Amino acid sequence: MASSGVALALTSGAIATFNPCGFAMLPAYLASFVSTDQGETNLASRILRAAKVGAAVTAGFVVVFGTIGFIFQEISNTLGTAIPFVTGIIGVGLVLLGIA
């Protein structure tokens, strides 16, 4: 069971990287921070700055999606077999909101 949980987590993380918002906005966000001219002329300082920005973006991604994953895991543990019905109700509600 543990190995399937790890596989699910890794697969989910890989798929989350290509969500519509992240796929379009992440390269622009990184380019904005990394390409901003702040008087850095040597290669080492630019690489260090890029590594800092990459680490900050990675940490933010892990915190946001980790928190959401933890919340949903706790909800699924609490609701158990009712999850398919709850997600169905949420889905219908979203369709109705979309139509409205």
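Only heavy atoms go into these numbers, but all of them, side chains included; no hydrogens, no water, no symmetry mates. Just so we're clear, the structure is a prediction, and the values are computed from it rather than from any experiment.
Of the residues listed (L97, V92, I99), the one engaging V95 in a side-chain contact (heavy atoms from CB on, under 4.5 Å) is I99, and it is the only one.
Note: N42 CG to L48 CG = 10.0 Å, rounded to the nearest 0.5 Å.
In the hydrophobic clustering of ILVMFWY residues, with side-chain heavy atoms under 4.5 Å counting as a link, V62 and I71 come out apart.
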